[in-house]
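To start, the structure under review is shown below, and the notes come after it.
The structure presented is a predicted model; accordingly, all values stated were derived computationally and were not measured. Just so it is clear: chains get the letters A, B, ... in the order the sequence lines come, proteins before strands, and each one is counted from 1.
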Amino acid sequence: MNRNPILNIVLSILTPVIFILLGGALFYLGCTWTIGDPLELADTYLLEQRPDFSGRLDDIYGGEGSASGVVSSANTALTDSGTVELSSIQFPSYETIYGQITCARIGLDAPLIFGDSMNALDEGAAQSTASFIPGYGGTILAGGHNNTYFNCLQNITEGDVIRIDTSYGQYAYQVSSVSIHDKNDSDAYPLSRDREQLILYTCYPFDALGTVSNRYFVYADYLSGPRIKAAAQQS
Amino acid sequence: MKKFLIGLLSAGMVTASCAGTVFAAGINSAEQRILDQLDAPYTIGSITVSIDQTYRNTAENFFLANDISEAQADTVLAELDIMKEILSRNAQYLVKDGDFYFEGLTDMPKDDQDALFASAQRALKALGFKLAVDDQNISVTDANGKELFSAGEVIKSTGLSETQASSHAWMLYTGIAGVLLLAGGVCLIAKKRAASHS
């Protein structure tokens, strides 16, 4: 028995289309969670140009190694010593670039962002809001991606000096140690309010694909930079 | 559930800086009262607990960037007392093996869970913010919906898989898979026809 020719045509078109969609859906649903990370890697290589994430964050720093355009009434020039009035500091809001973090020897050069959202991590060193700004006297905890801004941390050694230029002062920290800890080990990142220490972290191993549980921590002690006056008075 | 507890306990005073940059305001007397309350340990049943340092520091950062009034502080502290009282009367669910049992929050009576959330919402509302809770996260947003704080892990994911690249390549891979399946199906049909004709 011959089928309706029109029906044959429709089935000839619909059948492969439906087959492709169903097959693709099954492939995606069934395999993505296992091969999603290699797919991400392939995504990266297939990009025709570097992703542009700029413009998503506020910026009170201005770049170029100095806080251009941000001059307080109390301080006419940035300093790396003495004190700075708390009231004169333009406090960064969430997802705001407020400084630049560098270490010339290893090529570290990243915007310092208050807040550690995905947007912030895409664009530089993202600081936890549970930590404090430089000069306040507490821990400064910042993370960065191991394949972008913080890839160079694998070359950092004890004694290296990390500089943070902010919109209100210039700071230096000397690396005291490097260690690897599980991300859930809260002892690895003491959120002290009494001792100023810079802690940088990134995923480890550096060449790992996918989600890993270990983090590469860099600990650096305060060397120089203006103490924030209100905090200095409280301590 | 741990996130739920931490968010609710701290939601009345935990945010990052508000939207828009401001000059650092310092800690005024109203804010100091709240910080003192956060620093003070409190009793739930047979154990003594205190606010996680993460949230205490975040609150301090918020107060450095913003000034709140004595009236706002009164509201936040009152809500904090309510939340502590709710937790205290549910100690049988929240204390296990001499330690705080976060998962016990889901065993609390639903009315108490709702009351806890409502109290946190009121505390945040006094500061002009909103609390959002889902299965994955607790977040605080400003009046415009911009996220100001997220009660996620302190240490974030910073590996290759977390970098944002093109999100369209998966369509290519799905298409490739579909074509392969189609080709396989065509081959199978051809094979069957050949067998039926032979």
Under 4.5 Å heavy-atom distance to chain B, tell me which part of [X] shows up: side chain, backbone, both or neither.
| X | value |
| --- | --- |
| A/Ser131 | backbone |
| A/Leu191 | both |
| A/Tyr216 | neither |
| A/Tyr189 | side chain |

Minimum heavy-atom separation for [X] to [Y], with atom names?
| X | Y | answer |
| --- | --- | --- |
| A/Ser128 | B/Val154 | OG-CG1, 4.2 Å |
| B/Thr158 | A/Gly143 | CG2-C, 4.5 Å |
| B/Ser157 | A/Cys203 | C-SG, 4.2 Å |
| B/Lys156 | A/Tyr201 | N-OH, 3.0 Å |

Distance from [X] atom [atom1] to [Y] atom [atom2], nearest 0.5 Å?
| X | Y | atom1 | atom2 | answer |
| --- | --- | --- | --- | --- |
| B/Asn57 | A/Leu141 | CG | CG | 10.5 Å |
| B/Asp39 | A/Arg193 | CG | CZ | 5.0 Å |
| A/Asp116 | B/Ile155 | CG | CD1 | 8.5 Å |

| Quick one: side chain to side chain contact (heavy atoms under 4.5 Å, CB included) partners of A/Pro134, sequence neighbours excluded? | A/Tyr98, A/Ile140, A/Ile164, A/Thr166, A/Tyr168, A/Tyr171, A/Tyr173, A/Glu196

| remark: Hits for ring-ring contact (aromatic ring centres under 6.0 Å, His included) against A/Phe150, two or more places apart or cross-chain, chain-then-number order -> none

